[in-house]
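Structure first, then comments.
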Amino acid sequence: MWAVTEDDKDKFGEGTDTPPRGHGAFFGRRKGKTLRPGHADLMSASLPQLRLDLTAPPPADLAGLFPEPVGEVWLEIGFGGGEHLTQRAGENPQVGFIGCEAYVNGTAKMLAQIEQNRLANIRLWDDDAKAVVDWLPAGSIARIYLLYPDPWPKRRHRKRRFLGEGMLTRLARILKPGGELRFATDIDDYAAYALARVARSSEFEWTAERQADWLTPWEGWRSTRYEAKALREGRRGAYFTFSRI
């Protein structure tokens, strides 16, 4: 088990991870290979219909974002190729999903899966997820997934990691009491980094009681391409559930 000690605090710092004022840059790759014609068509025709409009105030009840009734809304930040989001949305038609992915090629793949599986319970944001987090109403989200985010391994880049203290506070604002933040990583340093910050938070608690709780994927888990890459390279994923207090 990762124990958060004083050494962790010395290693990772006591200050917040909130970027300095005016620092709102997105860090990461935005586009890869040229899109196939079919994917390009989806980006121009389907994405505008599914993209959140952050220029308008959010609805008081996020269920209004979806054409069919939903009981609650889940958020996935950085859905990659969309494998996990597609599965969860198909299994839970009574849940509305908001997926964020700034990588153009990943968004195009997600659109293709939405069309193929005829999923009506997904809305998308194809830019920096921080904007969506700040747009969403307080207490409007029941579950958040952050799966295998970029670990930014160099020490000087650690403040670019998504799950810092400042972001924990922002995520806590949009989560309902008892809502869950589910975080997966194959990088031990990022795991310890996140746990140190959760341990200092008054808004989240780590639900694990035994080692198997974070070494076992969540029920119904479908492996992502990022997890497959980690396994090929000899790294094992860890799956953390943080409950909103």
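Keep in mind that what you see is a predicted model, and the values were worked out from it rather than measured.
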Tell me, do Glu101 and Thr107 make a side-chain contact under 4.5 Å, heavy atoms counted?
-> yes
Starting at CZ of Arg225, measure out to CZ of Arg232 and round the result to the nearest 0.5 Å.
-> 10.5 Å
Report yes if the side chains of Met167 and Lys130 come closer than 4.5 Å at any heavy-atom pair, otherwise no.
-> yes
Can you list the residues that meet the side chain to side chain donor-acceptor pair (under 3.5 Å) rule with Tyr190, with sequence neighbours excluded?
-> none
Heavy-atom closest contact (Leu42 atom, Ala108 atom, distance) = CD1-O, 4.4 Å
Pairs under 3.5 angstrom only: tabulate donor-acceptor contacts from the side chains of residues 238-245 to other protein residues two or more places apart or in another chain.
| residue | atom | partner | partner atom | Å |
| --- | --- | --- | --- | --- |
| Tyr239 | OH | Tyr148 | OH | 3.2 |
| Tyr239 | OH | Glu227 | OE2 | 2.0 |
| Thr241 | OG1 | Trp218 | NE1 | 2.9 |
| Arg244 | NE | Ala172 | O | 2.7 |
| Arg244 | NH2 | Ala172 | O | 3.4 |

Decide, yes or no, whether a salt bridge links Asp126 with Arg51 under the criterion of side-chain N to carboxylate O below 4.0 Å.
-> yes
Note: Leu54 and Ala131 closest approach over all heavy atoms is CD1-CB, 3.8 Å
Do Glu83 and Gln87 have a side chain donor and acceptor closer than 3.5 Å?
-> no
Within residues 38-50 or reaching into it, pairs that qualify as side chain to side chain donor-acceptor pair (under 3.5 Å) - sequence neighbours excluded = Arg36-His39
Decide yes or no for Leu168 and Leu163: does some side-chain heavy atom of the first lie under 4.5 Å from some side-chain heavy atom of the second?
-> yes
Of Met110, Arg118, Gln116, the one forming a side chain to side chain contact (heavy atoms under 4.5 Å, CB included) with Ile114 is Met110
Please name all residues satisfying side chain to side chain donor-acceptor pair (under 3.5 Å) with Asn117, sequence neighbours left out, ordered by chain then number.
-> none
To the nearest 0.5 Å, atom CG of Leu175 lies from atom CD1 of Ile144 at 3.5 Å
For the side chain of Ser201 and the backbone of Arg197, is there at least one donor-acceptor N/O pair under 3.5 Å apart?
-> no
Answer yes or no: are there more than 12 heavy-atom neighbours, outside Glu91 itself, under 6.0 Å from its atom CD?
-> yes
Measure the shortest side-chain to side-chain distance between Leu50 and Ile122 over non-hydrogen atoms and say whether it is less than 4.5 angstrom.
-> no
Rounded distance (nearest 0.5 Å) linking atom CG of Leu75 with atom CG of Leu181 | 9.5 Å
Considering all heavy atoms, the nearest Val133-Ile174 contact = O-CG2, 3.5 Å
Atom of Arg123, atom of Pro67 and distance for their closest heavy-atom approach = NH2-CD, 3.2 Å
Side-chain contact, heavy-atom cut-off 4.5 Å: Leu119 with Asn121?
-> yes
Do the non-hydrogen side-chain atoms of Val73 and Ser140 ever get within less than 4.5 Å of each other?
-> no
Derivation and outcome, side chain to side chain contact (heavy atoms under 4.5 Å, CB included), residues Leu136 and Ile98 = CA-CA 11 Å; Leu136 289 166; Ile98 295 174; 3.9 Å; yes
Residue pairs passing the ring-ring contact (aromatic ring centres under 6.0 Å, His included) test where at least one lies in residues 116-145, sequence neighbours excluded | His84-Tyr145
Between Asp186 and Arg236, does a salt bridge (charged side-chain N to carboxylate O under 4.0 Å, His left out) hold up when you go through it step by step?
-> CA-CA 6 Å; Asp186 59 305; Arg236 183 177 184 179; over 6 Å; no
Residue pairs meeting ring-ring contact (aromatic ring centres under 6.0 Å, His included), one or both in residues 63-82, sequence neighbours left out, come to Trp74-Phe97
Aromatic Trp152 / basic Arg158 pairing, under 6.0 angstrom, 45° off normal | no
Using a 4.5 Å cut-off on heavy atoms from C-beta on, say whether the side chain of Asp150 contacts that of Arg161.
-> no
Pro137 versus Arg173, closest heavy-atom pair with distance | C-NH1, 3.7 Å
Going from CD1 on Ile141 to CG on Leu171, what distance comes out if it is rounded to the nearest 0.5 angstrom?
-> 10.0 Å
Which atoms form the tightest heavy-atom contact between Ala194 and Phe183, and what is the distance?
-> CB-CE2, 3.6 Å
So Arg170 and Asp134, side chain to side chain contact (heavy atoms under 4.5 Å, CB included) or not? Walk me through it.
-> CA-CA 7 Å; Arg170 290 155 79 178; Asp134 292 339; 2.8 Å; yes
Going by heavy atoms in the side chains, are Thr207 and Asp213 under 4.5 Å from each other?
-> no
